[in-house]
Each structure stands twice: as C-alpha cells, then as structure tokens.
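A short worksheet on the structure shown next.
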Amino acid sequence: MEPAYRRDKMKPKDPAQRGDKTKQKSALQELKQRQRAEIYALNKVMTELEQQQFEAFCKQMQSEGD
C-alpha cells in the first residue's frame, strides 16, 4: 500500500483547476506585456527629455562662447 502523500500526487488534475492555472498564466502574461509597453513608453519620454536638455545645454554653451 502506498503512503497517502503519494496517492494525492497521482490524482488526475481537476479541469477547473487547470482552467484557473491557464487564466492565471494568461493574466500574468498580459501584465508583463503591459509593463513592458509602459517601460518602453517611459524610455522614449526620458530619451526625448534628455535630448531636449542636451540641445539646451549646447545652445547655452554656444551663447557663452560667443
């Protein structure tokens, strides 16, 4: 006779449980995609801001040099 803990592991998975795992995995994947999109958007904004600040710095240095 097998120990009780082994019998529990050998039970077939519940279809409802499988569906829940699928939903959780899908939700996690959507979250990751949304976070990635937000990171890319933030990166774009920061790059544009850095470019603007660099151009302002260049103009300032050019006017001081004249």
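- Residue-environment remark: CD (Glu64) exceeds the threshold of 12 foreign heavy atoms within 6.0 Å.
- Atoms CG and CD, from Asn43 and Glu50 in turn, are 9.5 Å apart once rounded to the nearest 0.5 Å.
- The CE atom of Met46 sits 8.0 Å away from atom CD of Gln53, with the distance rounded to the nearest 0.5 Å.
- For Gln33 and Gln29, the side-chain atoms include no donor-acceptor pair closer than 3.5 Å.
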